[in-house]
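Right, one structure below, let's go through it.
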Amino acid sequence: MNSSSLLSPTCTSPRVTVVGAGKVGSTLAQKIAEKNIADVVLLDIVAGMPQGLALDLMEARGLEHQERLIIGTVDYKDTAGSNIVVITAGVPRKPGLTREDLVTINARIVVEAAQKASAQSPNAVLIVVTNPLDVMTYLAWEASGLPPRRVVGMGGVLDAARFQTFIALELGVSVQDIQTMVIGDHGQLMVPLPRYCTVRGIPIAELMSQEAIARLVERTRNGGAEIVQLMQTGSAFFAPAASAALMVEAILQNQPRVVPAAAYLQGEYGLNNIFLGVPCQLSCRGVEKVIELQLTDEERDAFMRSAASVQKNISQAKELIAASVPG
């Protein structure tokens with residue numbers, strides 16, 4: 001029996017394609033299967049690797065008490081009919097390499113993945129994980145031809161989770177009791193919003209000093225870089241995969257989750273034609289609604305600086321892609 005026959009669509013089993021079988025992609029595939037959310041198609045350009053990883057995950061099904069089908073492939077035809085496509089493919093960060101430095105390399109990878117995956121699954125919701133995330137989400141949307149509300153970037157979910165963790169460690173309280181909000185780009189110009197961060201409804205400003213808050217804000221901005229520096233040979237993958245899995249589950253199960261994520265702005269916050277981290281409500285249609293927060297002058301200025309940086313990087317990425325096209 002070949003992979004194509006195993007992948008024929010059914011009316012009862014949702015399907016998620018994960019493009020990129022690296023650490024983030026393979027961990028995400030594992031989480032989706034173990035949560036019993038959907039069948040998974042794991043795609044990569046390296047022949048044998050996605051097939052081997054898929055077989056390894058399949059062999060754990062009995063131990064995990066789930067029956068999800070997991071297929072590895074190098075052929076986009078095997079992804080046809082996916083409900084969600086998650087793009088994790090690309091070069092990961094390395095010590096001294098910023099997210100913005102990755103534009104040249106990852107833009108071509110993401111554009112090709114978005115084009116090929118959307119051609120096979122024109123009704124899918126597209127989630128982008130590849131860095132620099134806000135720029136890659138924009139390029140994926142343009143390349144896919146999908147409606148903007150069916151394309152979303154993962155970054156804010158991860159940034160808020162990191163802020164949540166650092167607050168919990170600082171206060172010695174359960175991370176489950178903490179709510180956080182981070183907007184802007186998924187990079188050095190992200191804008192953590194302490195005013196919207198609480199512990200069981202109690203503003204964190206009532207529980208720690210402004211100096212401590214400022215220190216945790218800065219650690220959140222450098223959350224990914226801190227892990228890269230510690231690991232030296234790789235970057236974060238457990239928390240990014242968990243962040244993407246949360247979004248996949250919310251969309252597939254039509255949970256009206258409100259999360260910070262890179263959504264397309266059409267006048268919200270005074271911005272147009274850009275994907276940027278904002279609080280938004282997810283649904284089976286993707287981004288159901290963008291929520292506009294009342295920002296202070298200082299917060300708005302920081303948010304606009306973040307937007308300007310993303311716009312600049314989008315323009316540069318598009319120029320690089322155009323220059324690489326023969327003729």
Side-chain angles (χ1 to χ4, degrees), residues 133-134 137 149 152-224 226 239-240 242-244 246-247 249-251 255-271 274-283 286-310:
L133 186 132
D134 307 271
T137 305
R149 285 293 188 253
V152 60
M154 174 276 294
V157 178
L158 174 59
D159 297 329
R162 285 172 171 160
F163 201 11
Q164 184 183 36
T165 296
F166 300 148
I167 292 170
L169 292 173
E170 182 77 14
L171 295 176
V173 300
S174 170
V175 71
Q176 302 299 322
D177 289 340
I178 298 171
Q179 294 289 326
T180 56
M181 180 57 61
V182 180
I183 61 174
D185 75 305
H186 180 55
Q188 288 296 310
L189 294 178
M190 73 177 67
V191 187
L193 296 175
R195 287 195 306 121
Y196 288 96
C197 299
T198 62
V199 180
R200 277 291 175 186
I202 304 169
I204 61 171
E206 296 185 19
L207 300 173
M208 66 177 79
S209 68
Q210 289 302 313
E211 291 77 14
I213 292 173
R215 173 165 45 80
L216 299 186
V217 163
E218 193 60 24
R219 189 177 184 189
T220 300
R221 288 197 179 106
N222 292 288
E226 181 178 358
S243 300
L246 180 148
M247 297 176 74
E249 186 171 20
I251 292 167
Q255 300 170 349
R257 297 293 301 270
V258 175
V259 300
Y264 187 73
L265 301 183
Q266 306 174 82
E268 299 93 346
Y269 295 91
L271 295 169
I274 185 174
F275 280 84
L276 198 61
V278 291
C280 55
Q281 182 180 320
L282 301 179
S283 76
V287 176
E288 188 69 30
K289 151 172 91 167
V290 168
I291 298 170
E292 289 195 70
L293 302 175
Q294 297 300 312
L295 302 178
T296 66
D297 290 343
E298 183 180 0
E299 290 164 348
R300 180 167 291 278
D301 288 345
F303 184 69
M304 290 304 177
R305 284 194 298 272
S306 182
S309 175
V310 171

Beyond-backbone contact of P279 with L293, side-chain heavy atoms, under 4.5 angstrom: yes
Heavy-atom closest contact (Q164 atom, I178 atom, distance): NE2-O, 2.8 Å
Test log, rule side chain to side chain contact (heavy atoms under 4.5 Å, CB included), inputs R195 and Q294: CA-CA 11 Å; R195 287 195 306 121; Q294 297 300 312; 5.6 Å; no
Pairwise distance OG1(T296) to CG(L193) - rounded to 0.5 angstrom: 8.0 Å
Heavy-atom pair with the smallest gap, counting every atom of L133 and T137: O-OG1, 2.7 Å
Approximate separation, where rounding is to 0.5 Å, of R149 CZ and L282 CG: 11.5 Å
Side chain to side chain, V278 and E268, heavy atoms closer than 4.5 Å: no
Heavy-atom side-chain contact between I183 and L295 under 4.5 Å: yes
Nearest-0.5 Å distance, CG of residue L216 to OG1 of residue T165: 11.0 Å
Flag if over 12 foreign heavy atoms under 6.0 Å of CD, E170: yes
N-O pairing of E218 and R215 below 4.0 Å: no
Matching residue for S283 among R257, E288, K289 - test: side chain to side chain donor-acceptor pair (under 3.5 Å): E288
Test item: I204 and V199 side chains (from C-beta on) under 4.5 Å apart, heavy atoms: yes
Over all atoms of both residues, closest heavy-atom pair of L276 and A307: CD2-CB, 3.7 Å
Distance in Å, S306 OG paired with I274 CD1, rounded so as to fall on 0.5 Å steps: 7.5 Å
Where A261 and G153 come nearest, the two heavy atoms and their spacing: CB-O, 3.3 Å
Minimum side-chain heavy-atom gap Y264-V287 below 4.5 Å: no
Heavy-atom closest pair, residues I213 and A205: CD1-CA, 3.8 Å
Side-chain donor-acceptor pair present, H186, D159, cut-off under 3.5 Å: yes
Over all atoms of both residues, closest heavy-atom pair of E292 and Y269: OE1-N, 2.9 Å
Nearest-0.5 Å distance, CZ of residue F163 to CE of residue M190: 10.5 Å
Spacing of CD1 belonging to I167 relative to SG belonging to C197, to within rounding of 0.5 Å: 4.5 Å
